[in-house]
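Here is the structure we will look at.
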There are 2 protein chains.
Amino acid sequence: MATGRTHRPATRSRGIPEATVARLPLYLRALTALSERSVPTVSSEELATAAGVNSAKLRKDFSYLGSYGTRGVGYDVEYLVYQISRELGLTQDWPVVIVGIGNLGAALANYGGFASRGFRVAALIDADPAMAGKPVAGIPVQHTDELEKIITDNGVSIGVIATPAGAAQQVCDRLVAAGITSILNFAPTVLSVPDGVDVRKVDLSIELQILAFHEQRKAGEEVGAPEEVAGAVPPPPVAPHRAPSGAPGADSGRQGPDGDVPAVMPA
Amino acid sequence: MATGRTHRPATRSRGIPEATVARLPLYLRALTALSERSVPTVSSEELATAAGVNSAKLRKDFSYLGSYGTRGVGYDVEYLVYQISRELGLTQDWPVVIVGIGNLGAALANYGGFASRGFRVAALIDADPAMAGKPVAGIPVQHTDELEKIITDNGVSIGVIATPAGAAQQVCDRLVAAGITSILNFAPTVLSVPDGVDVRKVDLSIELQILAFHEQRKAGEEVGAPEEVAGAVPPPPVAPHRAPSGAPGADSGRQGPDGDVPAVMPA
DNA sequence: CACTGTGAACGTTTTCACAGCA
DNA sequence: TGCTGTGAAAACGTTCACAGTG
């Protein structure tokens with residue numbers, strides 16, 4: 001999952017559950033595809049399949065938005081596209097700044113999926129003076145010094161952080177001070193932000209680690225017993241006090257420099 | 001959240017909850033940072049703060065792994081690093097292939113966070129013959145024709161898909177046929193895979209859409225009433241049958257070509 | 001009749017609060 | 001005393017199953 005919120009505990013008013021909100025973009029994607037193929041209506045069953053969920057869940061989700069379907073028929077594709085877009089706030093366009101134009105930042109700048117939804121890359125910002133002025137995805141990179149001015153002048157409220165981990169909190173603080181209230185963080189760090197600022201994070205290596213966990217499980221099962229993989233390692237029995245110093249493999253491939261830092265490339 | 005599983009409904013045996021598994025990498029990252037600063041022990045409170053969760057959750061999570069702490073003291077950093085690494089399967093190294101070497105694929109290939117955990121980029125694969133042989137991040141790109149051979153020869157079980165959406169399912173099928181059992185999907189499509197294959201997805205534009213939703217909420221609240229933003233749009237009252245054709249703004253910025261497809265660049 | 005919309009059952013995750021131990 | 005480990009409660013999310021309706 002890749003999800004770090006910062007939210008008032010109980011959302012007041014006609015609250016749509018977080019889990020539902022997180023699936024709306026999925027439905028929207030599936031609906032957009034249907035719309036392009038000029039399909040006029042879908043059943044919850046069909047749409048659910050296209051979105052990779054089950055139909056009960058989809059219907060429950062839609063029930064939070066209102067009654068947009070027709071019993072016996074299904075949902076009108078165009079109408080639903082519109083309703084979901086509106087609910088997600090995609091009927092307006094959102095200027096976005098990307099900070100940290102390394103490999104990842106550049107990839108994000110070039111990513112077509114942003115523009116096709118309501119997002120517009122308003123500026124690219126990097127700390128490296130040598131990058132200043134260089135165009136990436138047709139947009140000239142600007143220096144970090146300009147950060148506050150860029151945000152104010154363009155009325156930007158969403159920022160993307162693609163810097164190395166070491167720079168992320170500092171960049172975050174400046175973004176927030178400049179008026180940003182939503183942050184998408186690609187740097188492998190926990191950002192601390194004041195109340196009222198939303199942070200979502202995407203951590204590439206975390207996703208792989210979760211896969212590795214399940215992969216390991218599978219490997220274990222193949223052998224037969226769901227037992228600890230035989231010949232693994234002697235886990236220090238009770239008191240772990242001084243145990244670690246000798247824990248075999250504990251330090252194996254864990255090279256010191258590099259550790260957590262690199263987001264992709266020093267920005 | 002970026003999360004698409006394919007799992008046996010109820011995990012048998014000493015099952016660690018999915019939610020806990022998803023947080024282990026977070027704890028590991030925080031612990032690794034402490035380890036590098038030679039901090040010997042942490043309390044659940046400190047570690048929780050560093051990982052961005054609350055301490056009750058962290059202690060519950062750890063309780064699924066076993067009793068690795070010392071009451072009145074806390075957790076031994078090195079020992080916990082080892083235990084969590086082992087639980088996640090990071091004490092072995094995992095060869096990984098990346099398919100689709102566009103901007104994003106290249107960024108992933110260069111990403112330091114993979115190597116620093118147990119992951120090794122075993123091969124880069126792209127459909128473009130012109131890319132074949134070109135080194136990216138020091139690794140020569142190989143042509144898709146070699147896909148099956150690469151996977152078999154290297155015993156790869158984890159694949160990363162960074163192709164455009166249109167190619168993703170096809171690539172996925174070949175990966176699975178070749179023996180891959182875990183996939184990290186960056187293409188904005190739902191992949192269908194047989195049982196026993198895990199898929200996790202990361203969709204950059206979905207994350208932004210979720211932020212936009214909350215951002216819109218904030219904007220609405222500022223004005224005062226948690227009511228529908230005034231002067232929004234006339235939602236067709238009851239029967240939505242023919243409504244969409246005229247739904248204002250429904251087709252606003254939604255340019256036809258581009259729609260869902262571009263993962264970043266035609267691989 | 002085929003479908004949506006939804007209460008109610010169920011399962012999972014989070015949080016609370018405290019007993020138990022070093 | 002200061003912490004962990006954990007039952008029990010509460011919150012949240014999913015699934016079931018069917019009543020309601022175009």
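Heavy atoms only: backbone and side chains are in, while hydrogens, waters and symmetry mates are out. Note on naming: letters A, B, ... go to the chains in the order of the sequence lines (proteins, then strands), and numbering restarts at 1 for each one. Note that the structure is predicted; figures quoted are calculated from it, not measured.
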Report summary line: Taking D:dG13, D:dT15, C:dT14 as options, the one with an atom nearest any side-chain atom of A:Pro17 is D:dG13
Query raised in the report: Has A:Lys57 got a side-chain N or O lying under 4.0 Å from the OP1 or OP2 atom of D:dT15?
Result: yes
**Report entry** B:Arg23 CZ - C:dT13 P separation (whole Å)
**Finding:** 9 Å
Query - Side chains of B:Thr49 and B:Glu45, donor plus acceptor under 3.5 Å - result: no
Report task. Considering just the side-chain nitrogens and oxygens of A:Asn54, establish if one lies under 4.0 Å of OP1 or OP2 belonging to D:dT14. Result -> no
**Report entry** Note, B:Thr181 side chain near B:Asp198 side chain (heavy atom, < 4.5 Å)
**Finding:** no
Query raised in the report: Rounding to a whole Å, what distance do you find between B:Ile16:CD1 and C:dT12:C1'?
Result: 16 Å
Requested in this report: Provide, to the nearest angstrom, the distance between the NZ atom belonging to A:Lys60 and the C1' atom belonging to D:dC12.
Outcome: 12 Å
Query - Inter-residue atom distance B:Leu58.CG - B:Tyr27.OH, 0.5 Å rounding - result: 4.5 Å
Report task. Only pairs at least two apart or in different chains count here, so list each ring pair (Phe, Tyr, Trp, His ring centres under 6.0 Å) that has a residue in residues 28-60 of chain A. Result -> none
**Report entry** Pairs meeting criterion salt bridge (charged side-chain N to carboxylate O under 4.0 Å, His left out) with involvement of residues 65-75 of chain B, two or more places apart
**Finding:** none
Query - Pair A:Tyr68-A:Tyr79, ring pair (Phe, Tyr, Trp, His ring centres under 6.0 Å): steps then yes or no - result: CA-CA 8 Å; A:Tyr68 294 150; A:Tyr79 184 58; 5.6 Å; yes
Could you run down the sub-3.5 Å N/O contacts of the protein with nucleotides 3-5 of chain C?
{"from": "C:dC3", "atom 1": "O2", "to": "A:Gly72", "atom 2": "N", "distance (Å)": "3.3"}
{"from": "C:dT4", "atom 1": "OP1", "to": "A:Ser44", "atom 2": "N", "distance (Å)": "2.5"}
{"from": "C:dT4", "atom 1": "OP2", "to": "A:Ser44", "atom 2": "OG", "distance (Å)": "2.5"}
{"from": "C:dT4", "atom 1": "O2", "to": "A:Arg71", "atom 2": "NH1", "distance (Å)": "3.1"}
{"from": "C:dG5", "atom 1": "OP1", "to": "A:Tyr68", "atom 2": "N", "distance (Å)": "3.3"}
{"from": "C:dG5", "atom 1": "OP1", "to": "A:Gly69", "atom 2": "N", "distance (Å)": "3.0"}
{"from": "C:dG5", "atom 1": "OP2", "to": "A:Tyr75", "atom 2": "OH", "distance (Å)": "2.8"}
{"from": "C:dG5", "atom 1": "O4'", "to": "A:Arg71", "atom 2": "NH2", "distance (Å)": "3.1"}
{"from": "C:dG5", "atom 1": "N7", "to": "A:Arg59", "atom 2": "NE", "distance (Å)": "2.9"}
{"from": "C:dG5", "atom 1": "O6", "to": "A:Arg59", "atom 2": "NE", "distance (Å)": "3.4"}
{"from": "C:dG5", "atom 1": "O6", "to": "A:Arg59", "atom 2": "NH2", "distance (Å)": "3.0"}

Query raised in the report: Roughly how many Å is it from CG in A:Leu65 to P in C:dT6, rounded to a whole number?
Result: 11 Å
Query raised in the report: Tell me: CD of B:Glu18 to P of C:dT12, nearest whole Å?
Result: 11 Å
Report task. Please state how far atom CG in A:Leu58 lies from atom P in D:dC16, giving the value in whole angstrom units. Result -> 15 Å
Requested in this report: Rounded to the nearest angstrom, tell me the gap between atom CG in B:Leu80 and atom P in D:dC3.
Outcome: 16 Å
